[in-house]
Amino acid sequence: MIKKKLIKNARKIDKFLINFLNKQKNSLLVKPMKYGVISGGKKIRSTIIFDTGKIFNISDNKLVNICAAVECIHSYSLIHDDLPCMDNDLIRRGKPSTHIKFGEASAVLAGSSLLTLAFEIITDKKYPINYISKNEIVRSLASCSGHTGIAGGQELDLKFENKKKMINQIINMQKKKTGKLFNFCLYAVGVVANKNKIEKNFLSSLGEEIGLLFQLADDFLDNKGSKKLVGKPVKKDNKKGKSTLLNLLGEEKAYLYANNLKKKILRKLEKHGKKAKELISTIEFILERKF
Ligand code: GRG
């Protein structure tokens, strides 16, 4: 069931991105950009956006621009993350990383162009939401991506390598590196649904917790997953001396932490009753996933 949903959503977002790029002037960077963002990846962030939309009866056509923008930022971060100056990974999504295929300079430029494309997608005239909401979404996406979000988290991740860090420092780093984009996913749906400040703050922190759960599952996959299913080499975190909860707490305590976090997230969704059914099934998948 969940696999079908992921594939359907991924196709929808890929189609949107192909159309959007095809309507723009062509450039040498379109090929590495498409290579980095289209036909690859689970597009789980998009699925979470659509699932959250179901809670508030928001139709997919009001959310598809947000999904596409998020996938651009996410793919941008992966392209840059794989570079030799960062994690130096040669394989991503079962194929050569963008810099291996197109060279480092083109990968840097394609990644940066995906970042700016995200903002073009949100501010597109044809996107059928009002300008005030677009402004709020742009502001949130910028702060979740920059030094207070993904980029800041990545800096901490690199600085923490081969250092003994405390649990709260690791959680703070992972909430920024991975959690902030999930935070944005739920917050942005709250904006489209015209929710008040309290509800939007609730959605932000719930999103960040879902992101942390997703990162914990990513760390478990690095430790125990199959290279073929994950689409990239595994067992890298130990070799690189990465600070993760798994390395700090050990397997048993880290799984317990993740299960308690999942329960906490599901409890928070109880107030939405059956409307949260899809989001709940995606959260269950996050911890059970093999890819
Ligand atoms: C993008 C603002 C910005 C800066 C670049 C390099 C970097 C700074 C940030 C890297 C952040 C990073 C790589 C976080 C890891 C998040 C993560 C668990 C990625 C894997 O996500 P999946 O499993 O990937 O959703 P797929 O391939 O399915 O899309």
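As the structure is a prediction and not an experimental result, all values here were calculated from the model. Both ligands and their constituent atoms are indexed starting at 1 by order of listing.
Judged by the 6.0 Å distance and 45° axis criteria, K134 is positioned over the aromatic ring of Y131.
Using cut-offs of 30° and 60° for the angle between ring planes, the F20 and F16 rings count as parallel.
K228 NZ: 12 or fewer foreign heavy atoms inside a 6.0 Å radius.
Using a 4.5 Å cut-off between side-chain heavy atoms of Ile, Leu, Val, Met, Phe, Trp and Tyr, L158 falls into a hydrophobic cluster with M86.
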Give me the pairs of N or O atoms, one from ligand 1 and one from the protein, that sit under 3.5 Å apart.
from     : atom 1 : to  : atom 2 : distance (Å)
ligand 1 : 21 (O) : R45 : NH2    : 3.3
ligand 1 : 23 (O) : K42 : NZ     : 2.6
ligand 1 : 24 (O) : H74 : NE2    : 3.4
ligand 1 : 25 (O) : R45 : NH1    : 2.7
ligand 1 : 27 (O) : R93 : NE     : 2.8
ligand 1 : 28 (O) : K42 : N      : 2.9
ligand 1 : 28 (O) : K42 : NZ     : 2.8
ligand 1 : 29 (O) : H74 : NE2    : 2.7
ligand 1 : 29 (O) : R93 : NH2    : 2.8

Tabulate below the donor-acceptor pairs under 3.5 Å that side-chain atoms of residues 249-257 make, not counting sequence neighbours, or state none.
from : atom 1 : to   : atom 2 : distance (Å)
E251 : OE1    : K224 : NZ     : 3.4
E251 : OE2    : K224 : NZ     : 2.6

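Here K263 pairs with N260, R267 under the side chain to side chain contact (heavy atoms under 4.5 Å, CB included) rule; sequence neighbours left out.
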